[in-house]
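Below is one structure; the comments refer to it alone.
All ligand and atom numbering here is 1-based and tracks the order in the structure. FYI, the numbering just counts along the sequence from 1.
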Amino acid sequence: MTNFTNKSVLVLGGSRGIGAAIVRRFAADGARVAFTYSGSPEAARLLAAETGSTAFQTDSADRDAVIARVRDSGALDVLVVNSGIALFGDALEQDPDAVDRLFRINVQAPYHASVEAARQMPAGGRIIVIGSVNGDRMPLPGMASYALSKSALQGLARGLARDFGPRGITINVVQPGPIDTDANPADGPMRDLMHSFMALKRHGRPEEVAGMVAWLAGPEAGFVTGAMHTIDGAFGA
Ligand code: NDP
């Protein structure tokens, strides 16, 4: 485990699931952690009390609110952009406003948060965005907007790695496969279909994703940037 004592960490979308596991991991490793949430104030309150972290209600669909939250967080050592949503169903039937909201949360927020964080981030700073193996492989219909958004993060990391490298800041994407959260419960109706694509016939645990994030934020990953890091039980292999 890396010691993150005196490190300032902000997790966008930290109240539940993978984000909450990331908050817990950095808090356990000694960091000063803040996180945002939108629709789950009670989960956020409980997590903040449990971990000694600070919760802020900030909708990732609101670009200016995201930028202000990052700016007001001061000089971050680590920014993790985890907030993300999925839309399911026939692309021809989907509400275009809902699709655009997904793009605001899944693509625009990661971009603007990363750029804003880099303004104050010291050399050695780390930006980690939670993408998805669906950025590489989308074996099911009805999730094109989600797949598009997660593929877009690959370009974000490749491009911003070039911009931020001279400042000593790295940016990477973590690409989970099926992970047991409210959004994708291990006992959900898609379980057997998803496991059929995988070498490891189980959902991953949020803590396993948090471990990869912690490694990317730590000193051993100083030469890793502009890269995608897949943790998916070979869903995409
Ligand atoms: P959950 O739905 O379980 O949790 C999502 C988290 O993001 C919550 O803390 C939620 O907070 C926050 N969030 C969602 N929308 C917003 C918003 N508009 N503003 C601020 N916070 C928001 O999802 P997961 O933990 O499963 O997923 C986390 C990330 O991992 C996402 O980016 C997802 O795409 C990605 N991922 C997940 C996989 C899985 O199988 N679980 C697989 C691959 C990628 P609140 O409830 O307070 O709004």
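- Which parts of ligand 1 touch Asp182 is read off a 4.0 Å heavy-atom cut-off, strictly below it: atoms 3 (O).
- For the atom pair CG of Asn172 and CG of Leu153, the computed distance is 12.5 Å after rounding to the nearest 0.5 Å.
- Of the protein's non-hydrogen atoms, the one nearest atom 23 (O) of ligand 1 is Ala183 CB, 3.6 Å.
- Atoms of ligand 1 found under 4.0 Å from any heavy atom of Ile85 (numbered from 1 in listed order, with element): 15 (N).
- Scanning the protein heavy atoms around atom 31 (C) of ligand 1, the nearest turns out to be Asn82 O, 3.2 Å.
- The ligand atoms of ligand 1 that sit less than 4.0 angstrom from a heavy atom of Ser15 are 8 (C), 9 (O), 10 (C), 11 (O), 45 (P), 46 (O), 47 (O).
- Between Tyr146 and ligand 1, a contact under 3.5 Å exists for at least one N or O pair.
- Taking every heavy atom of Ile130 and a limit of under 4.0 angstrom, the matching atoms of ligand 1 come to 29 (C), 30 (O), 32 (O), 35 (C).
- In this structure, the protein non-hydrogen atom closest to atom 26 (O) of ligand 1 is Thr181 OG1, 2.6 Å.
- Close approach of ligand 1 to Ile105 is summarised as follows: ligand atoms under 4.0 Å from at least one heavy atom of the residue are 18 (N).
- What sits closest to atom 5 (C) of ligand 1 on the protein, heavy atoms only, is Arg16 NH2, 4.1 Å.
- Heavy-atom proximity to atom 22 (C) of ligand 1, evaluated over Ala61, Ser149, Ser83, Gly177, is greatest for Ser83.
- Geometrically, ligand 1 and Gly39 share a nitrogen or oxygen pair separated by less than 3.5 Å.
- Atom CD1 in Ile128 sits 8.0 Å away from atom CD1 in Ile22 (nearest 0.5 Å).
- For atom 19 (N) of ligand 1, the closest non-hydrogen atom of the protein is Ser60 N, 2.8 Å.
- Interatomic distance, CG of Leu10 versus CG of Asp72, reported as 10.5 Å (0.5 Å rounding).
- With hydrogens and angles left out, the side-chain atoms of Asp136 and Gln175 include a donor and acceptor closer than 3.5 Å.
- The closest heavy-atom contact to atom 44 (C) of ligand 1, among the options Gly17, Gly84, Gly131, comes from Gly131.
- For the pair Ile127/Leu160, no side-chain contact is recorded, criterion being any heavy-atom separation below 4.5 Å from C-beta on.
- Annotation for ligand 1: atoms under 4.0 Å from non-hydrogen atoms of Ile18 are 25 (O), 30 (O), 37 (C).
- Between Pro178 and ligand 1, a contact under 3.5 Å exists for no N or O pair.
- The closest protein non-hydrogen atom to atom 12 (C) of ligand 1 is Gly13 CA, 3.7 Å.
- Looking at Asn184 against ligand 1, only its side chain comes within 4.0 Å, counting heavy atoms.
- Applying the 4.0 Å criterion to heavy atoms of Ser40 picks out, from ligand 1, the atoms 45 (P), 46 (O), 47 (O).
- Residue contacts with ligand 1, taken as heavy atom pairs separated by less than 4.0 Å, do not involve His203 at all.
- The closest protein non-hydrogen atom to atom 43 (C) of ligand 1 is Pro176 O, 3.2 Å.
- Rounding to the nearest 0.5 angstrom, the gap separating the CD atom in Glu42 from the CZ atom in Arg16 is 13.0 Å.
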